[in-house]
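The shown structure was predicted, so the numbers you read here are calculated from the model rather than taken from an experiment. Each chain gets a letter, A, B and so on, in the order its sequence line appears, and its residues count up from 1.
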Number of protein chains: 2
Amino acid sequence: MQPRKAEADRTFIETARRAQIVDAAIDTIAEVGYSRASLGRIAARAGISRGLISYHFTGKEELITEILRGVIEQSRAYMLPRITAQSTGPGMLRVYIESNLTFIREHRNHLIAIVEIARHRIAEGAPRGLPDHEPDQAVRALAQLLARFQKSGDLRSDFDPRAVAIAIRAAIDVAPARLSADPQFDIDSYAQDIIQVFDLATRTAD
Amino acid sequence: MQPRKAEADRTFIETARRAQIVDAAIDTIAEVGYSRASLGRIAARAGISRGLISYHFTGKEELITEILRGVIEQSRAYMLPRITAQSTGPGMLRVYIESNLTFIREHRNHLIAIVEIARHRIAEGAPRGLPDHEPDQAVRALAQLLARFQKSGDLRSDFDPRAVAIAIRAAIDVAPARLSADPQFDIDSYAQDIIQVFDLATRTAD
DNA sequence: GCCTTTCTTGGCTGCACAGCCAAAAATTTA
DNA sequence: TAAATTTTTGGCTGTGCAGCCAAGAAAGGC
């Protein structure tokens with residue numbers, strides 16, 4: 001499951017093709033769902049032959065991994081500075097939810113695709129009791145943030161940060177599916193409502 | 001996609017076999033995931049031949065529908081009386097979350113299976129812009145409950161009941177996947193934390 | 001007991017897919 | 001321009017699956 005060669009060695013064409021294939025794969029998964037997104041369909045959308053994907057990627061696995069890697073990297077780059085800029089608990093929580101949902105709105109298909117991938121990975125690929133899957137990492141990171149502000153007295157301390165982190169991630173991760181199923185869904189007003197919910201739930205009674 | 005015959009006409013054997021196959025299908029889906037749960041695997045678990053499933057069900061579709069029908073019926077029977085027994089907004093909300101999560105704990109595999117099915121149905125089966133899928137019904141029903149108590153002044157009225165309903169359902173629906181991925185996950189304490197979150201978020205400031 | 005109906009098996013067919021490969025086309029190098 | 005290399009195509013192979021069916025086994029009616 002290694003890339004075919006080191007990134008630095010890639011030709012211009014190879015780099016461009018890989019990007020083109022990744023984009024086609026994201027749009028295909030977002031449109032027809034993970035398990036209908038065959039290499040044939042992805043190739044058709046990119047306007048190339050099936051074999052070409054096998055030439056540029058060692059297998060479907062590497063293609064999917066590349067999608068995850070790229071999108072996660074982009075979302076980190078967008079959200080992390082915004083979140084760490086906040087110094088108060090409620091502020092951090094607001095910006096955490098807000099930046100997540102803004103990123104989802106602005107990268108609709110990318111997020112629909114990785115949520116699709118994550119679901120199938122959790123459900124099937126995983127032999128039960130796997131070490132570390134992606135959603136767990138997000139939950140753990142958020143739980144740590146919450147715990148830190150609990151300790152500093154900036155958030156109420158009578159809740160389990162892990163449980164609340166699970167609920168917050170669940171509320172965020174459901175948004176891409178909503179977006180794709182319901183064109184009416186207004187993600188910005190959803191964001192505001194969710195922010196209020198978790199603000200009221202975690203804010204110290206002062 | 002109709003059942004082979006009216007329910008009343010079924011022989012003893014047919015009824016027993018259908019139940020046996022449904023049970024095997026639920027356990028298989030819960031164990032290996034939806035898309036690895038082939039008729040062959042389900043038959044193997046039930047200790048019967050593949051063809052027998054085709055004899056008792058018109059197709060895989062009917063089998064899946066039967067699973068959904070049964071589990072939804074059971075969960076309604078468990079939860080509905082408990083929820084309608086509550087007369088206050090906060091009480092309703094507490095019992096709604098509690099009875100959902102208790103039912104999940106007591107019917108682990110059943111719930112893992114239907115969440116699996118629902119995910120794949122949303123993601124793939126659905127031509128975009130479908131009329132009514134199951135999770136939407138649950139969200140809509142909960143949103144109506146919330147709206148009713150908002151109008152009677154029993155819950156704060158500065159949130160969109162639909163958005164909060166989506167968040168509550170998301171927090172509940174994530175539990176089966178957590179259960180199957182993480183044996184450590186304590187669903188009862190999770191329930192208590194989630195109850196507190198949404199209680200604080202929706203309770204009128206009195 | 002025999003005959004009919006119900007039940008069950010295992011094999012067959014066709015489909016969709018991922019991965020592989022030989023050869024053609026395009027591009028680069030000498 | 002010729003040779004070498006990279007890129008691309010389309011077909012082939014094996015796998016896993018759902019649905020179908022002929023024939024056998026079991027159960028029930030007469």
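- Residue Ile48(A) contributes atom CD1, which lies 16 Å from atom P of dA26(C) at whole-angstrom precision.
- Remark: C1' of dT8(C) and CD1 of Ile21(B) are 11 Å apart, rounded to the nearest angstrom.
- The pair Glu62(B)-Arg18(B) meets the salt-bridge criterion, since a charged nitrogen lies less than 4.0 angstrom from a carboxylate oxygen.
- Per the geometry, CG belonging to Leu52(B) stands 16 Å off C1' belonging to dG11(C), to the nearest Å.
- Checked for salt-bridge contact, Asp136(B) and Arg178(A) meet the test: a charged N lies under 4.0 Å from a carboxylate O.
- By the 4.0 Å N-to-carboxylate-O rule, Arg76(B) lies too far from Glu73(B) to be salt-bridged with it.
- Screening residues 184-200 of chain A for salt bridge (charged side-chain N to carboxylate O under 4.0 Å, His left out), with sequence neighbours left out, gives Arg105(A)-Asp188(A), Asp199(A)-Arg203(A).
- Between the Gln150(A) side chain and the Phe159(A) main chain, a donor and an acceptor come within less than 3.5 Å of each other.
- Ring pair His110(A)/His107(A) is perpendicular by interplanar angle, where above 60° counts as perpendicular and below 30° as parallel.
- Under 4.0 Å is where a charged nitrogen must lie from a carboxylate oxygen, and between Glu98(B) and Arg82(B) no such pair does.
- Of the side-chain N and O atoms in Tyr55(A), none sit less than 4.0 angstrom from OP1 or OP2 of dT8(D).
- In this entry the distance linking CD1 of Ile53(A) with P of dT7(D) reads 16 Å, nearest Å.
- Pairing analysis of DNA chain D (Watson-Crick: purine N1 to pyrimidine N3 plus N6-O4 or O6-N4; G-U wobble: N1-O2 and O6-N3; both under 3.5 Å) yields stems of 3 or more pairs at C:1-30 with D:1-30.
- Going from atom CD1 of Ile42(A) over to atom C1' of dC17(C) covers 12 Å, rounded to whole Å.
- Under 4.0 angstrom from either OP1 or OP2 of dT6(C) there lies no side-chain N or O belonging to His56(B).
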Base-contact (B) and sugar-phosphate-only (S) positions in nucleotides 13-27 of chain D, heavy-atom cut-off under 4.0 Å, - elsewhere: ----SSS--------
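- Checked against Pro90(B) for a side chain to side chain contact (heavy atoms under 4.5 Å, CB included), the options Thr202(B), Val95(B), Leu155(B) give a single hit: Leu155(B).
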